[in-house]
Amino acid sequence: MQGISLDFSGMKPFVKEDELELIQEKVLAAHDMLNNKTGLGRNMLGWMDLPNRISEEEIKQIKDAASKIQKQADVFIVIGIGGSYLGAKAIIDLFDSTFSNMQTLSDRKHPEIIFAGNNLSGKYLRNLIEYIQEKDVAINVISKSGTTLEPAIAFRILRLFLEEKYGISGAAERIYVTTDAQSGVLKSIADTQDYKTFVIPKDVGGRYSVLTPVGLLPMAVANIDFEDILDGAMFASHVFNERSIEHNDCYKYAAYRNILNMKGKEIELLTSYEPSFKYFIEWFKQLFGESEGKDSKGIFPAGDIFTTDLHSMGQWIQDGKRNIFETVININLNRSFIKLPKSVDNQDGLNYLAEKEIDYINKQAFLGTLKAHIEGGVPTTVINIDDLNEYNVGQLIFFFEKACAISGYVLGVNPFDQPGVEAYKKNMMALLKKDEEN
């Protein structure tokens with residue numbers, strides 16, 4: 001059952017039908033390159049059939065490890081950067097309580113989940129070590145190579161912490177490694193220390209890896225039904241594979257964003273009126289930023305949470321430079337059912353909203369802002385989600401991954417490499433090694 005749908009009515013004032021027809025050939029060529037594996041990056045297309053590839057044995061291993069972690073740990077630390085943490089963080093934030101890490105273990109029903117290795121802040125690591133001193137801890141380190149500096153540093157520090165706390169063999173029972181199947185520094189360490197390992201498929205890049213053990217193990221520890229997510233993604237892989245712009249909203253979305261880019265709309269804002277989408281937006285930013293930002297090309301991916309950011313960025317979006325377009329994630333069914341109570345004295349003047357659900361008020365803010373932005377010159381697509389559940393979010397994940405691949409090929413870049421990332425790494429390592437020599 002399709003749980004997401006797209007409303008392009010906010011695009012029509014800005015894009016003519018013949019413009020869609022003109023770009024259609026490029027979109028269909030991109031479809032062919034993906035399906036025939038003839039385009040740039042064709043050795044990194046494993047994400048396209050991930051929901052079908054995962055075996056029952058792998059699912060069982062993930063569930064068994066998650067159950068063990070839930071029994072042994074008060075705190076579960078996920079070590080990774082970029083795609084090695086953003087997808088898991090995004091999904092956990094969507095389905096866990098907003099205040100999950102403040103709840104007791106009995107109320108939360110899973111360990112507190114903390115992410116590390118996504119920065120080089122000494123303050124962050126010091127605060128983390130201080131926080132976990134008296135807690136039982138398990139860690140999941142995620143890296144294909146094991147040489148990315150941020151997670152490597154965090155892993156060394158936290159591994160030594162566990163060994164001092166539990167002994168070398170005791171620590172080994174609490175360390176879970178997600179890495180390459182055959183090679184790399186992290187694989188070597190895991191084999192030597194006999195850590196439990198999970199595999200990142202060689203043909204899946206980091207930003208496309210949320211539906212591998214990279215994302216699935218942390219989801220399972222958080223009691224999220226990752227099999228429903230996989231089922232939703234599998235459904236989307238069929239729905240969004242029709243070789244058509246007219247009947248494939250994923251391809252139509254990719255077409256619209258490229259047409260707008262050619263017209264000088266070089267920034268895409270992904271927005272939501274639900275704060276728990278904050279890290280989903282961060283995942284989207286990495287997905288499109290690393291995929292399209294190369295060869296002096298690319299649409300700059302940005303994001304806001306409304307109505308919060310309407311009070312900081314709203315003015316710029318409404319009246320600033322007209323180089324932006326917007327994509328809004330809208331949830332049709334809200335399950336909070338909280339209403340504004342009626343006040344006897346009505347001192348705050350809000351009784352005109354009494355007995356209305358907060359979600360209804362939020363929806364009016366969405367509709368009013370949508371109208372204002374379109375009238376203000378901001379082309380807008382609305383992605384409607386029937387209900388915020390795992391199956392529909394699985395569809396949403398695959399939708400964006402497929403749209404990103406198609407859009408990248410239409411743009412004329414390789415959507416599956418990231419050569420620019422290596423530039424800062426090379427300079428940073430040169431400076432660090434120079435310090436060592438001195």
What donor-acceptor contacts under 3.5 angstrom involve side-chain atoms of residues 145-152, with partners at least two apart or in another chain?
unit_1	atom_1	unit_2	atom_2	d
S145	OG	T147	N	3.1
S145	OG	T147	OG1	2.9

(request) Write out all pairs satisfying salt bridge (Lys or Arg N to Asp or Glu O under 4.0 Å) with one or both partners inside residues 226-237, taking only residues at least two apart or from two chains. (result) K63-E227
(message) Can you list everything that forms a ring pair (Phe, Tyr, Trp, His ring centres under 6.0 Å) with F14? Sequence neighbours excluded, please.
(response) none
(message) Which residues pass the salt bridge (charged side-chain N to carboxylate O under 4.0 Å, His left out) test with D309, not counting sequence neighbours?
(response) none
(message) Just to verify, what does L28 make a side chain to side chain contact (heavy atoms under 4.5 Å, CB included) with, not counting sequence neighbours?
(response) Q24, R243
(request) Output all residues satisfying side-chain hydrogen bond (donor to acceptor under 3.5 Å, both in side chains) with K297, sequence neighbours left out; order by chain, then residue number. (result) none
(message) Tell me every residue that passes salt bridge (charged side-chain N to carboxylate O under 4.0 Å, His left out) with D49, counting only those two or more places apart in sequence or in another chain.
(response) R53
(request) Sequence neighbours left out, what passes ring pair (Phe, Tyr, Trp, His ring centres under 6.0 Å) with F240? Give chain and number order. (result) F399
(message) Run the salt bridge (charged side-chain N to carboxylate O under 4.0 Å, His left out) test against E17 and tell me which residues pass, sequence neighbours left out.
(response) none
(request) Tell me, please, which residues at least two apart from K342 pass salt bridge (charged side-chain N to carboxylate O under 4.0 Å, His left out). (result) none
(message) Run the ring pair (Phe, Tyr, Trp, His ring centres under 6.0 Å) test against Y131 and tell me which residues pass, sequence neighbours left out.
(response) none
(request) Hey, could you give me each pair passing salt bridge (Lys or Arg N to Asp or Glu O under 4.0 Å) that has a residue in residues 254-267? Not counting sequence neighbours. (result) E19-K263, R257-E268, R257-E292
